[in-house]
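One structure is given below, encoded as structure tokens.
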Amino acid sequence: VGALRAFYHWATRRDTSDPATLEELAEQVGTPERLRELYLLTVAILSTTNPTAMTAWKARMLEDLYFGLAAALEGERASTEGRAGQLRKEVRVGFVGDREQARLERFLEQVPDRYVLAFPVDVIRRHARIVRDAGDAALTVRTGPGPSEDLTELVVLAPDRPGLLADVTAALSANGITVVDAQIYTLDERAFDIFLVRREARGPTWPGDPSPAPVDAALAKRFEEDLAARIAGEVSAEELLARTPTAPSWAVRKGPPVPTSVVVDNEVSKRFTVVDVFTRDRAGVLHTIARTFREQGVTIGLSKVNTEGERVVDVFYVADAATDAKLADPERLASLRQALLDNLDAHARAAEQA
């Protein structure tokens with residue numbers, strides 16, 4: 001049971017595109033036969049214990065981990081640099097003859113290896129064209145297909161500055177858009193952020209309430225307009241959050257208390273400090289966390305967001321904003337953890353009083 005729980009946690013809470021992580025996990029799994037058993041049993045248990053637990057996105061994360069570990073166990077995984085270099089060559093083939101080919105190839109030179117390893121070749125090409133077409137626009141928002149039917153890929157390009165992610169999450173919340181995965185990059189002092197999102201109602205379903213669904217063009221446009229207004233200072237984050245759609249009080253299901261806890265780990269990743277946040281699912285939680293990271297001088301490189309019943313399990317790979325390195329000072333790690341706990345507690349009290 002412990003091994004099955006670990007396999008699920010690896011898939012939903014860890015960076016399965018990181019070769020170093022996969023190699024470490026492969027050592028723990030041991031053999032391809034044991035990997036197959038872990039994968040099949042995890043899928044079977046998750047699918048049968050709760051019919052709504054196995055979402056298309058969770059199935060995709062389990063598959064990604066399985067194939068990544070299978071390659072590592074079979075000795076097919078090359079070094080990070082070698083594999084990323086080979087993928088860059090494959091991407092460049094699709095740029096031949098394209099207009100402004102040099103600008104497309106510059107995109108490949110700017111993005112880090114972890115980006116190249118995280119996305120399929122066709123998606124990287126699409127991202128390169130989004131960046132090329134954006135030019136010097138102050139804000140660009142584009143949507144694309146997600147890895148499952150209920151998810152949409154949302155790409156945001158904007159001048160990078162402290163607090164931008166908190167503003168993005170406020171605009172997302174205002175439009176009832178839920179983030180399930182986020183990867184954060186910087187290109188020439190511009191934020192290049194990639195989110196997997198969906199429209200999802202809070203609370204149990206009532207007549208007229210939509211089921212989880214992808215984000216359509218009209219909703220993405222409203223998000224872009226709100227984010228542009230926030231960046232221009234025409235609206236505050238608090239005003240955006242006040243518009244967050246919520247279920248009426250009579251439709252909110254009462255459940256057991258969900259305690260908030262924060263776990264900080266400096267061993268999981270070689271490059272990032274990993275922060276796991278467990279708390280009750282409420283509107284604005286992701287904004288509160290992003291704002292806290294900004295206040296603590298921390299940047300987010302990757303995030304995975306998972307909802308388990310009334311509890312959210314949010315995982316963040318973070319680094320020092322000034323040095324782009326792990327947070328090594330124990331006192332600073334303790335301060336970050338306490339700030340998250342304090343701000344989430346204040347957010348919970350405000351939500352209960354609303």
Side-chain angles (χ1 to χ4, degrees), residues 100 103-104 106-112 114-115 118-119 123-144 146 152-198 215-241 243-244 284 286-303 305 316-319 321-322 324:
E100 300 186 65
R103 291 189 65 181
L104 294 173
R106 174 164 169 71
F107 170 84
L108 276 182
E109 296 169 359
Q110 291 179 295
V111 292
R114 68 182 178 88
Y115 164 83
F119 293 96
V123 174
I124 296 175
R125 290 172 182 160
R126 178 162 53 82
H127 289 168
R129 292 185 173 98
I130 289 174
V131 174
R132 177 199 63 191
D133 295 342
D136 297 324
L139 174 66
T140 297
V141 175
R142 294 289 182 271
T143 59
T152 300
E153 181 190 81
L154 189 69
V155 176
V156 176
L157 275 165
D160 198 12
R161 60 174 176 77
L164 177 63
L165 184 60
D167 291 339
V168 171
T169 56
L172 289 169
S173 183
N175 287 279
I177 300 174
T178 299
V179 178
V180 301
D181 189 84
Q183 296 207 37
I184 314 300
Y185 304 95
T186 302
L187 304 174
D188 284 339
E189 300 184 352
R190 300 182 73 197
F192 171 53
D193 299 345
I194 305 160
F195 303 91
L196 289 180
V197 299
R198 64 187 172 202
V215 173
D216 59 24
L219 185 56
K221 183 63 177 177
R222 291 198 294 273
F223 157 73
E224 182 177 6
E225 292 170 350
D226 285 337
L227 179 57
R230 175 67 198 112
I231 291 175
E234 298 169 359
V235 63
S236 69
E238 289 71 24
E239 288 172 321
L240 287 175
L241 291 169
R243 287 174 31 204
T244 301
L286 189 57
H287 170 79
T288 298
I289 296 171
R291 175 173 55 81
T292 304
F293 283 139
R294 178 200 66 198
E295 294 168 350
Q296 293 290 310
V298 170
T299 60
I300 302 171
L302 179 145
S303 172
V305 178
F316 303 89
Y317 283 62
V318 304
D324 197 31

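Predicted model, so just to flag it, every value in this text is computed and none were measured.
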Legend entry - NZ/NE/NH1/NH2 to OD/OE distance under 4.0 Å, Asp133 and Arg142: no
Inset, instruction - Taking the side chain as every heavy atom from C-beta outward, state whether Val305 and Thr178 have any pair of such atoms under 4.5 Å apart. - result: no
Legend entry - Ile177 and Leu219: CA distance, side-chain angles, deciding distance, side-chain contact (heavy atoms from CB on, under 4.5 Å) verdict: CA-CA 9 Å; Ile177 300 174; Leu219 185 56; 3.9 Å; yes
Inset, instruction - Take Asp188 and Arg106 through the side-chain contact (heavy atoms from CB on, under 4.5 Å) test and state the conclusion after the steps. - result: CA-CA 11 Å; Asp188 284 339; Arg106 174 164 169 71; 3.0 Å; yes
Legend entry - Shortest non-hydrogen separation from Gln183 to Asp181 and the atoms involved: CG-OD2, 4.1 Å
Legend entry - Residue pair Leu172 / Leu154, side-chain heavy-atom distance below 4.5 Å: yes
Inset, instruction - Write down the atom of Val215, the atom of Ala220, and the distance for their closest heavy-atom approach. - result: CG1-N, 3.9 Å
Inset, instruction - Report the residue from Thr299, Leu302, Ile289, Val298 that forms a side-chain contact (heavy atoms from CB on, under 4.5 Å) with Phe316. - result: Ile289
Inset, instruction - Take Glu295 and Arg291 through the test salt bridge (Lys or Arg N to Asp or Glu O under 4.0 Å) and record every step on the way to the result. - result: CA-CA 6 Å; Glu295 294 168 350; Arg291 175 173 55 81; 3.2 Å; yes
Inset, instruction - Determine the minimum heavy-atom distance between Phe223 and Val168, stating which atoms define it. - result: CE1-O, 3.7 Å
Legend entry - Side-chain heavy atoms of Val123 within contact of Arg126, under 4.5 Å: yes
Inset, instruction - Please test Val131 against Gln110 for side-chain contact (heavy atoms from CB on, under 4.5 Å), starting from the C-alpha separation and ending with a verdict. - result: CA-CA 11 Å; Val131 174; Gln110 291 179 295; 5.5 Å; no
Legend entry - Whether Phe107 and Tyr115 hold their rings parallel, tilted or perpendicular, with breakpoints at 30° and 60°: perpendicular
Legend entry - Contact check, side chains of Arg294 and Leu165, non-hydrogen atoms, under 4.5 Å: no
Inset, instruction - Could you tell me how the ring of Phe192 sits relative to the ring of His127: parallel (under 30°), tilted (30 to 60°) or perpendicular (over 60°)? - result: perpendicular
Inset, instruction - Find the distance between OG1 (Thr169) and CG (Leu240) and round it off to the nearest 0.5 Å. - result: 9.5 Å
Legend entry - Atom pair CZ/OG of Arg230 and Ser236 - distance to nearest 0.5 Å: 6.5 Å
Legend entry - Minimum heavy-atom distance between Asp226 and Ala174, given as atom pair plus value: OD2-CB, 4.4 Å
Legend entry - Residue of the set Val141, Leu139, Ile130, Asp193 for which side-chain contact (heavy atoms from CB on, under 4.5 Å) holds with Leu157: Ile130
Legend entry - Nearest atoms (heavy-atom pairs only) where Arg190 meets Gly135: NH1-O, 3.0 Å
Inset, instruction - Determine whether Val156 and Glu224 make a side-chain contact, defined as any pair of heavy atoms from C-beta on separated by less than 4.5 Å. - result: no
Legend entry - Nearest-0.5 Å distance that lies between atom CG in Leu108 and atom CZ in Arg103: 14.0 Å
Legend entry - Closest heavy-atom pair and its distance - Ser173, Gly284: OG-N, 3.8 Å
Legend entry - Any Asp167 side-chain heavy atom under 4.5 Å of Arg161 side chain: yes
Inset, instruction - Report yes if the side chains of Ile231 and Leu164 come closer than 4.5 Å at any heavy-atom pair, otherwise no. - result: yes
Inset, instruction - Go through the steps to decide whether Val197 and Thr143 satisfy the test side-chain contact (heavy atoms from CB on, under 4.5 Å), and finish with yes or no. - result: CA-CA 10 Å; Val197 299; Thr143 59; over 6 Å; no
